[in-house]
Protein chains: 4
Amino acid sequence: MKKKTTNTPSTFHEEGRVARRRARVRADLLAAARQVFIQRGYQEATISEIIQIADVAMGTFYLHFRDKEELLLALAEEGLQLLREQIHTALTAHPDQPLIPLIIRTLLHAAYQERELFLLLCAGESHLLAQTRTHQAQQGLAAHFIPPLRAAKERGELKESDPVLLAHLLGGMLVRAITWWFDQDEPGPDAMADQVLGMLAHGLPSSLLTNNDAPTS
Amino acid sequence: MKKKTTNTPSTFHEEGRVARRRARVRADLLAAARQVFIQRGYQEATISEIIQIADVAMGTFYLHFRDKEELLLALAEEGLQLLREQIHTALTAHPDQPLIPLIIRTLLHAAYQERELFLLLCAGESHLLAQTRTHQAQQGLAAHFIPPLRAAKERGELKESDPVLLAHLLGGMLVRAITWWFDQDEPGPDAMADQVLGMLAHGLPSSLLTNNDAPTS
Amino acid sequence: MKKKTTNTPSTFHEEGRVARRRARVRADLLAAARQVFIQRGYQEATISEIIQIADVAMGTFYLHFRDKEELLLALAEEGLQLLREQIHTALTAHPDQPLIPLIIRTLLHAAYQERELFLLLCAGESHLLAQTRTHQAQQGLAAHFIPPLRAAKERGELKESDPVLLAHLLGGMLVRAITWWFDQDEPGPDAMADQVLGMLAHGLPSSLLTNNDAPTS
Amino acid sequence: MKKKTTNTPSTFHEEGRVARRRARVRADLLAAARQVFIQRGYQEATISEIIQIADVAMGTFYLHFRDKEELLLALAEEGLQLLREQIHTALTAHPDQPLIPLIIRTLLHAAYQERELFLLLCAGESHLLAQTRTHQAQQGLAAHFIPPLRAAKERGELKESDPVLLAHLLGGMLVRAITWWFDQDEPGPDAMADQVLGMLAHGLPSSLLTNNDAPTS
DNA sequence: AATGAATGAGGCTTCATTCAT
DNA sequence: CATGAATGAAGCCTCATTCAT
């Protein structure tokens with residue numbers, strides 16, 4: 001049994017070439033997966049179709065991802081990475097701006113850019129995420145809001161409100177805003193942010209929430 | 001299609017008995033489905049397991065439901081029916097109360113009662129509902145809020161806000177409130193309603209949304 | 001367990017009524033079966049659809065026919081009965097005409113009248129007939145020709161030909177004539193009979209069958 | 001679809017080996033199918049039984065054939081291929097012989113060799129062929145006879161006869177000759193050809209077709 | 001590392017037939 | 001006699017995954 005595992009690469013470019021090839025195949029698979037997941041939905045998507053589009057062999061898929069779920073997670077990671085970067089950039093660019101509006105605006109911009117991917121991740125298809133990481137997506141989303149809300153709580157500005165729960169409710173609104181784009185592309189991310197922030201700023205008109213005329217018991 | 005009614009009316013209870021038996025089998029299937037869907041999730045649920053629990057034969061299932069999807073829809077219909085009834089009751093009992101808080105409170109009560117079912121319908125699993133009826137669940141939810149918001153809009157109380165979009169954002173919050181119960185059962189429906197309504201009443205503290213001290217740029 | 005089986009019919013019309021009802025149901029089933037068999041083919045036809053069209057209950061079907069096959073056989077019997085009657089009539093009306101042309105003409109007329117039924121019986125669908133009664137249809141068809149051919153054989157007019165085989169070959173031609181009507185309704189039964197009889201009268205032109213110019217080998 | 005040829009050409013026989021293996025599995029499936037189709041008939045044949053005999057897994061079947069129908073078509077193609085080859089050989093070997101007898105003889109020889117397969121294709125089972133390709137088998141058969149008959153027609157040797165219809169009637173005879181072998185293996189293909197050609201040469205004795213003695217009415 | 005033919009468990013669904021009413 | 005809800009065996013087919021090359 002001669003094992004010809006070249007521990008010493010014949011040329012020093014070799015490693016880089018192999019690594020690049022690998023990365024390229026991985027990228028092809030991710031791109032194909034994105035396309036197919038968006039088109040068919042996670043459940044209906046088949047690895048078969050993905051590898052055909054990526055133009056690699058069945059076995060190759062399993063050299064890069066353990067299974068379909070890991071593929072989805074990688075795709076989600078891509079989306080979240082994009083998000084993190086944009087948020088980081090925004091924070092750096094506007095260090096004096098209040099956090100929450102900044103994050104909301106940036107998030108909605110990023111999500112609008114990649115509407116279909118975020119739809120996939122936010123909408124029902126992510127049942128796997130839900131089961132494995134318990135709403136990773138939504139939690140990750142809410143996580144951004146927890147620190148400022150907690151700070152406000154400590155400043156006594158939130159009264160009875162639970163900052164964590166509040167963050168999640170806010171997350172729910174944003175997820176709904178993103179899925180709204182499933183049906184209509186209007187309004188764009190800025191107008192959408194205005195709608196969300198408008199609501200957050202003033203709440204609903206008190207006429208809708210209180211019994212205006214009668215002194216209720 | 002001629003329907004020969006009571007060709008053999010040996011007892012006049014006959015028809016009723018057959019109908020009752022039929023309804024019972026259907027109910028058994030729905031109960032079994034609820035259990036299995038909640039336990040395994042929609043996708044992982046198999047008709048096989050459902051009929052085993054319902055203790056009927058394969059074919060019997062298809063006598064009552066065309067496929068797994070129709071079963072889910074029937075289950076959803078059950079939940080929505082419960083909801084509609086409770087909302088109707090609440091509206092009748094408190095005709096002078098403002099609509100939105102009433103609906104939110106009632107909805108959260110109903111959803112908390114049947115947490116697991118509503119979780120199934122609200123959370124990711126409902127991708128089928130999404131595809132067939134375009135977010136029927138969420139839309140149905142939002143639908144309740146559209147009329148009062150539209151009225152407020154016409155009274156000029158909503159400024160720039162789009163009442164339909166607002167209703168959906170509100171719906172998103174409520175869905176998130178319900179899925180929150182997936183992890184913790186706390187807070188109960190009333191406290192949850194208070195949190196939601198608190199946010200709707202005042203929005204977030206302005207310190208979180210506006211640049212309080214510095215005239216930016 | 002009181003069994004109220006009226007062995008003594010209350011009125012003497014009763015029996016007749018019951019018998020008539022029975023016959024009517026049977027006829028409804030046959031008519032429905034004919035329609036469905038023709039439309040879907042034997043294999044694709046379901047008893048379910050047949051009873052729906054006949055407007056009787058599942059169980060009722062099994063009071064009249066043991067299974068789908070018996071239904072097809074009954075239908076075939078109907079067709080053959082029609083055929084026998086028409087042939088008998090023709091034979092009676094023209095006792096001095098030669099048998100074979102008479103039968104061919106009559107057969108083609110009858111088959112054309114009920115093209116679709118005969119198609120069903122002649123064409124591929126009749127694999128059951130084939131398996132159970134070994135080409136009952138075709139054999140029944142050929143049977144008509146065997147006696148006259150045998151007679152001719154005995155008169156020494158057939159030389160080497162086997163009258164039974166000949167009868168079957170003739171049957172094959174006629175079956176093909178009938179299935180021809182599947183695609184085109186032209187030519188009508190009389191012209192078709194002329195074509196068949198023309199071929200039977202003279203065979204093919206000898207130029208097509210013999211090496212006209214060269215003494216081969 | 002980029003096809004990377006021989007990325008890993010460890011041995012230059014590699015590709016051939018895989019292809020050969022594949023072809024072998026396909027051949028195994030065809031052989032098994034032939035056996036099962038003949039034994040049980042097309043409808044009664046199950047893919048399960050076929051793969052058991054071919055000793056491959058379920059999925060493997062679907063790697064080679066879309067469904068049962070495609071399998072039958074492939075089998076039919078095999079038969080027709082055999083036929084075409086033999087007819088071509090015969091035509092080349094005897095270019096001076098008249099076409100129709102040559103084809104009939106060759107066809108009957110080929111069909112007799114593979115009696116069971118041809119039975120399957122000619123007899124009722126081929127309803128699928130009928131539906132998909134409109135009697136492909138029979139039409140393909142008749143097709144051979146159309147050109148010479150048309151030529152004869154143009155030479156004025158066919159009088160009233162329609163050459164296309166005639167070809168089909170001839171085809172019907174031959175199909176019947178083949179199915180005759182279902183019951184008896186006698187007479188062999190040569191004697192059978194003699195019977196068919198005998199009938200084509202002279203038709204039936206005129207005594208069977210005309211009213212010989214009496215001027216009718 | 002890449003390939004892709006082969007695997008096979010297990011899902012969904014149909015439908016002829018029965019039997020209690 | 002008529003009913004039709006219930007039965008359940010059995011077929012088809014998919015697709016994630018493996019492994020020899």
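Note that the structure is a prediction, hence the values are computed from the model and not measured. Letters A, B, ... are given to chains in the order of the sequence lines, protein chains preceding strands, and every chain is numbered from 1.
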- Is there a donor-acceptor pair under 3.5 Å between the side chain of D:Asp67 and the backbone N or O of D:Glu70? yes

- Item | Near-strand residues of residues 50-59 of chain D, defined as heavy-atom separation under 4.0 angstrom from DNA chain F | D:Met58, D:Gly59

- Any C:Arg22 side-chain nitrogen or oxygen under 4.0 Å from OP1 or OP2 of F:dC1: yes

- Query: Which residue lies toward the 5' end of DNA chain E, C:Ser48 or A:Phe61, if each is placed at its nearest nucleotide?
  - Reply: A:Phe61

- Task: With DNA chain F as reference, determine whether B:His64 or D:Arg21 sits nearer its 5' end, using the nearest nucleotide of each.
- Result: B:His64

- Task: Dump the intermediate steps for side-chain contact (heavy atoms from CB on, under 4.5 Å) on B:Ile53 and B:Val36, then the final yes or no.
- Result: CA-CA 9 Å; B:Ile53 289 173; B:Val36 176; 3.5 Å; yes

- Query: Taking atom C1' of E:dA16 as reference, at what distance in whole Å does atom CD of C:Gln43 sit?
  - Reply: 13 Å

- Message: Using whole Å, what does the distance between atom P of nucleotide E:dT3 and atom CD1 of A:Ile47 come to?
- Response: 16 Å

- Is C:Thr60 touching bases, backbone alone, or none of the nucleic acid, heavy atoms closer than 4.0 Å? base

- Out of E:dG11, F:dC15, F:dC13, which nucleotide sits closest to the side chain of D:Asp67? F:dC13

- Query: D:Val25 has a side chain; which of F:dC1, E:dA6, E:dT17 sits nearest to it?
  - Reply: E:dA6

- Item | Axis deviation across the helix from E:dA2-F:dT21 to E:dT21-F:dA2, five-pair ends, to the nearest 10° | 10°

- Note on the structure: DNA chain F nearest-nucleotide lookup for B:Leu63 and A:Ala45: closer to the 5′ end is B:Leu63

- Which nucleotide, E:dA16, F:dA5, E:dT13, lies nearest any side-chain atom of C:Lys68? E:dA16

- Query: For the residue pair A:Ile50 and A:Ala32, what are the closest heavy atoms and their distance?
  - Reply: O-CB, 3.4 Å

- For atom CD of C:Glu116, decide whether the heavy atoms of other residues, nucleotides or ligands shown that lie under 6.0 angstrom number more than 12. no

- Whole-Å distance, A:Leu71 CG to F:dC15 P, equals 16 Å

